[in-house]
Each structure stands twice: as structure tokens, then as C-alpha cells.
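Convention: sequence-line order gives letters A, B, ...; per-chain numbering from 1.
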2 protein chains.
Amino acid sequence: MTESKPLRADARRNRDAIVAAARSSFDHGEQLRFDDFAARAGVGVGTLYRHFPTRAALAAAVYEDEVSALCDRARDPSRSPGENLDTFLRGFVDHLVAHAGLARTLAAIVDPASRAKNGVELERTVADLMTRAAADGVVRNDVNPEAVLMLLHNIGSAADRPQWASQSRGAIEVVIAGLKRT
Amino acid sequence: MTESKPLRADARRNRDAIVAAARSSFDHGEQLRFDDFAARAGVGVGTLYRHFPTRAALAAAVYEDEVSALCDRARDPSRSPGENLDTFLRGFVDHLVAHAGLARTLAAIVDPASRAKNGVELERTVADLMTRAAADGVVRNDVNPEAVLMLLHNIGSAADRPQWASQSRGAIEVVIAGLKRT
DNA sequence: TTGACAAGTGGAGACGGTCTCCATATTCTC
DNA sequence: GAGAATATGGAGACCGTCTCCACTTGTCAA
């Protein structure tokens with residue numbers, strides 16, 4: 001929401017270190033005491049609490065970083081719009097599969113509000129990729145981006161089913177094929 | 001599972017008092033410290049922990065009592081089988097509506113295992129009521145009890161939607177009507 | 001009834017995770 | 001480089017959770 005003040009250099013550094021440490025231990029499926037995130041990041045507990053008053057706040061920051069990283073990689077000027085869309089979708093699923101522990105942890109901790117907030121950025125990204133690819137004539141223009149987003153969401157929220165990894169890759173290929181102009 | 005040893009009289013009394021206290025505070029939506037359940041029941045913490053090692057264990061006991069009470073009231077010899085079935089179904093929903101807080105709390109705490117365990121008793125009761133009513137010729141005999149149970153289950157798990165109470169009563173009337181022999 | 005043993009009790013206090021507080025340190029601004 | 005603003009860290013307060021055991025109560029055979 002409020003992007004407010006620019007952080008002082010050292011504060012920014014510490015914040016980033018904390019988020020990185022949290023991301024890593026979430027990803028490994030570790031169940032840490034909240035204070036331990038501080039130790040992992042090499043900062044004091046006070047610093048941890050100033051930046052992230054609760055576990056959920058920390059998880060939200062990790063989640064936001066994940067979404068941003070994904071969205072940033074979405075547009076590569078050296079590729080065609082159609083390739084960008086395909087690459088993004090495959091990359092999305094690959095990322096989820098490679099970090100299933102992270103996906104599970106975030107699904108369990110992140111609260112609906114920040115989930116929704118970051119969903120907006122994702123939606124904008126997908127919509128943009130689809131619009132460009134459609135303008136280029138390679139994908140259909142009668143598909144709602146939200147429909148695609150819903151499919152992605154369904155893939156993500158099934159992260160604890162057996163066979164999930166292979167099923168996900170199969171599913172995203174179906175989506176990619178389904179988007180192609182016939 | 002293991003019904004094991006019969007409790008000593010005082011132990012039984014204490015256990016019942018704890019469950020009653022828990023039921024009451026769950027119902028009121030209170031968020032008590034675990035130790036406080038003991039105080040409410042007028043027993044020591046040690047007694048609470050011996051009977052219920054965890055919050056989930058306590059919730060499971062409350063849940064079991066609820067289901068048993070519901071099932072016990074199911075068969076009234078002074079009524080016809082058809083009336084018994086109708087009464088049971090309406091009573092089920094009335095009970096849920098009257099104790100929405102309890103339903104919510106139990107839904108949040110009770111673990112799937114004990115949910116399943118008590119589900120069996122419910123299913124037996126419903127199946128029995130339906131069989132008798134069908135033998136009496138007042139309801140159809142081509143409906144699976146599990147289907148009815150599924151309808152009941154969905155009613156219970158929607159306990160926090162707005163309009164839930166009136167929608168639930170409407171829904172159960174549809175079920176009752178739908179079961180009648182045409 | 002009573003004695004003796006098993007069963008059950010209560011609550012002080014150990015334990016451990018969460019969070020606050022503030023003297024000190026670092027960065028920023030001019 | 002001085003002063004203001006900002007950020008730090010970690011000792012220890014705080015507060016639920018849970019254990020432990022000296023003591024009480026119930027049970028039952030005699």
C-alpha cells in the first residue's frame with residue numbers, strides 16, 4: 001500500500017538480508033523460531049521486529065519478492081511476444097515446481113490481503129503479455145487473462161498432491177496450446 | 001478407537017466438567033488460554049492435561065459429544081419413521097444455526113481424523129433413519145445416505161457466510177421434500 | 001467398617017518462544 | 001565535519017504451555 005519513506009542504506013541492506021534468509025529457510029521447509037530469522041540474517045531481534053512485526057508480514061515480503069522476480073523476467077526484448085508468453089508460463093510452473101516447499105509455506109502463512117495485492121501485479125503482467133501476443137497474431141484474443149490466472153492459481157494451490165510436478169508441466173502445456181490462434 | 005478402562009467416578013466428573021466448560025466457551029467464541037479451560041471447569045491444570053493433552057484433543061471430545069447428542073435424539077418411538085427423519089434433519093440444522101460459533105470453532109480446531117471417526121456415527125444414524133422411513137413407504141428408497149450426508153456437511157462448513165442461517169433452513173427443507181416418495 | 005492399593009488431583013514452577021526497550025551506532029544533510 | 005535523523009542489537013520482561021510429584025480420593029476385598 002503506502003510505499004512511504006525510502007529506507008536508509010543500512011536498513012535496506014538488513015531488510016534484504018532478512019528476506020533472503022527467510023526465503024531460504026521457507027524453501028527448505030524448516031520450521032524456525034521467529035527470532036532465528038534474525039540470527040540467520042546476521043541482525044538483532046529488534047531489527048527483525050522493526051521490519052516485520054509478525055511472521056505473516058515476513059512471509060508477505062518473501063511472497064512479494066517472488067512475484068516481482070517472476071514478473072520482471074516476463075518481458076525479454078530479444079524474443080517475440082509469443083515466445084515471451086510461453087516462456088513466462090513455463091517459467092512460472094518451473095519455478096513453482098523447483099520451490100515446492102516455498103509454495104507450500106507461503107500458501108500456509110501469507111494472509112489473503114497480501115495475496116490479493118500481489119495478485120494484481122501478476123494479473124497485469126499476464127494481461128500485458130497476452131495483449132502483445134494477440135496483437136502479434138499468435139494467440140487468441142478472446143481469452144480473459146483472469147481465466148489464465150485462475151488456471152495458474154489452481155496449479156499453485158495443488159502443491160501437495162502426489163504427482164504434482166509432472167501434472168503441472170502437463171497442465172501448463174495444455175494452457176499454452178489452448179491459447180494458440182487456430 | 002481404544003475405549004480402554006472405565007474412568008473412576010471423580011475422573012469422569014472432572015472430564016465432563018472440562019468438556020462442558022470448553023463447549024460453552026467455544027460456543028461463545030471466546031479465545032481462551034488452554035490453562036483457562038481448567039479454571040473454568042474448577043479443576044487443576046494437571047487434570048486438564050491428563051485428560052486432554054492438546055487443544056485439538058479437547059475439541060475432538062466436544063465434537064464427539066455434539067454428534068452423539070444429535071444422534072441420540074434421532075429416534076423417538078412415539079413418532080413415525082418419517083417424522084423421525086424430518087425431525088432429525090431440521091434439528092440438525094437448527095442446532096448448527098443456534099451454535100454457529102461452536103460450529104466455526106470446531107471446524108477450525110478439530111483434526112480430520114476425529115472428524116472422520118464421528119462422521120461414521122452420523123452416517124449410520126442417517127442411513128438407519130432413511131431405511132426405516134423408506135420401509136414405511138414415506139420416502140424414496142433410491143437415495144444414498146451418503147448423498148444426504150454430503151448435503152448436511154456442506155451446510156455445516158459454510159457457517160461463516162452471510163445469510164447462512166436462513167439459507168440453511170431453506171436448504172434442509174429442499175432435502176426433506178426431495179426425499180419424499182412421489 | 002476398614003485397610004491398603006490403585007487411580008486421580010492440583011498447582012508451583014520450569015521451559016521456551018515472542019516481543020519491548022533504549023543506550024549506542026550508523027547514515028544523511030548541509 | 002557537525003548535528004539531526006534514523007537504525008541497531010540483544011538482554012531480559014512477559015506470558016502461554018506443559019511437567020512433575022506429594023498429596024487426596026475412590027474402590028474393593030476381607
Side-chain angles (χ1 to χ4, degrees), chain A residues 1-26 28-62 64-65 105-106 108-111 114, chain B residues 1-26 28-62 64-65 105-106 108-111 114:
Chain A
M1 304 292 157
T2 49
E3 202 49 68
S4 55
K5 308 304 155 203
L7 246 32
R8 223 171 65 176
D10 54 344
R12 168 100 249 149
R13 208 160 41 233
N14 283 333
R15 211 198 99 108
D16 290 349
I18 293 169
V19 172
R23 205 205 98 105
S24 153
S25 63
F26 284 165
H28 293 141
E30 292 171 307
Q31 188 63 34
L32 293 189
R33 276 183 295 145
F34 195 45
D35 282 21
D36 283 341
F37 290 118
R40 287 284 176 97
V43 304
V45 224
T47 302
L48 169 61
Y49 276 91
R50 190 162 339 87
H51 287 298
F52 306 104
T54 66
R55 195 179 286 265
L58 178 54
V62 173
E64 185 176 341
D65 274 16
T105 305
L106 291 181
I109 307 183
V110 170
D111 62 300
S114 52
Chain B
M1 309 289 157
T2 49
E3 202 49 67
S4 54
K5 309 303 154 204
L7 245 33
R8 221 172 67 176
D10 54 344
R12 170 99 249 149
R13 206 158 43 232
N14 283 333
R15 212 198 99 107
D16 290 349
I18 293 170
V19 172
R23 204 205 100 106
S24 153
S25 63
F26 284 166
H28 293 141
E30 293 171 307
Q31 189 63 34
L32 292 188
R33 277 183 295 146
F34 195 45
D35 281 22
D36 283 341
F37 290 118
R40 288 284 176 96
V43 304
V45 224
T47 301
L48 170 60
Y49 276 92
R50 189 163 340 89
H51 287 299
F52 307 104
T54 66
R55 194 179 287 267
L58 178 53
V62 173
E64 184 176 342
D65 274 16
T105 304
L106 291 181
I109 307 182
V110 170
D111 62 301
S114 52

Practice item. Start with the C-alpha gap between B/F52 and B/V19, add the side-chain angles, then the distance that decides, and say whether side-chain contact (heavy atoms from CB on, under 4.5 Å) holds. Key: CA-CA 10 Å; B/F52 307 104; B/V19 172; 3.6 Å; yes
Identify every side-chain donor-acceptor pair in residues 34-47 of chain B under 3.5 Å, counting partners at least two apart or on other chains, and give the distances.
unit_1, atom_1, unit_2, atom_2, d
B/D36, OD1, B/R33, NH2, 3.3
B/R40, NH1, B/E30, OE1, 3.1
B/R40, NH2, B/E30, OE2, 3.1

Point to revise | Shortest non-hydrogen contact from B/R23 toward B/V62 | key: CG-CG1, 3.6 Å
Exercise for review: Drop me the distance from B/S114's OG to B/I109's CD1, to the nearest 0.5 angstrom.
Suggested key: 11.0 Å
Practice item. Determine, for nucleotides 10-24 of chain D in 5'-to-3' order, which nucleotides have protein heavy atoms under 4.0 Å from the base (write B), from only the sugar-phosphate (write S), or from neither (write -). Key: BB----SBBB-----
Point to revise | For B/D65, salt bridge (Lys or Arg N to Asp or Glu O under 4.0 Å) partners two or more places apart | key: none
Exercise for review: Kindly say if A/H51 contacts the phosphate of D/dA7, meaning a side-chain N or O under 4.0 Å from OP1 or OP2.
Suggested key: no
Exercise for review: Calculate the interatomic distance between A/D10 atom CG and D/dA7 atom P; express it in whole Å.
Suggested key: 7 Å
**Study point:** Residues in side-chain hydrogen bond (donor to acceptor under 3.5 Å, both in side chains) contact with B/R12, at least two apart in sequence or another chain
**Key:** B/D16
Exercise for review: For A/D36 and C/dG16, give me the distance from atom CG to atom P, rounded to whole Å.
Suggested key: 13 Å
Review point. To the nearest 0.5 Å, what is the distance between CG (A/L58) and CZ (A/R15)?
Key: 9.0 Å
Study note, to complete from the structure: With sequence neighbours left out, the residues meeting side-chain hydrogen bond (donor to acceptor under 3.5 Å, both in side chains) with B/R8 are B/D10
Exercise for review: Output the residues of residues 11-22 of chain A in contact with DNA chain C, where contact means a heavy atom of the residue under 4.0 Å from an atom of the strand; sort by number or write none.
Suggested key: A/R13
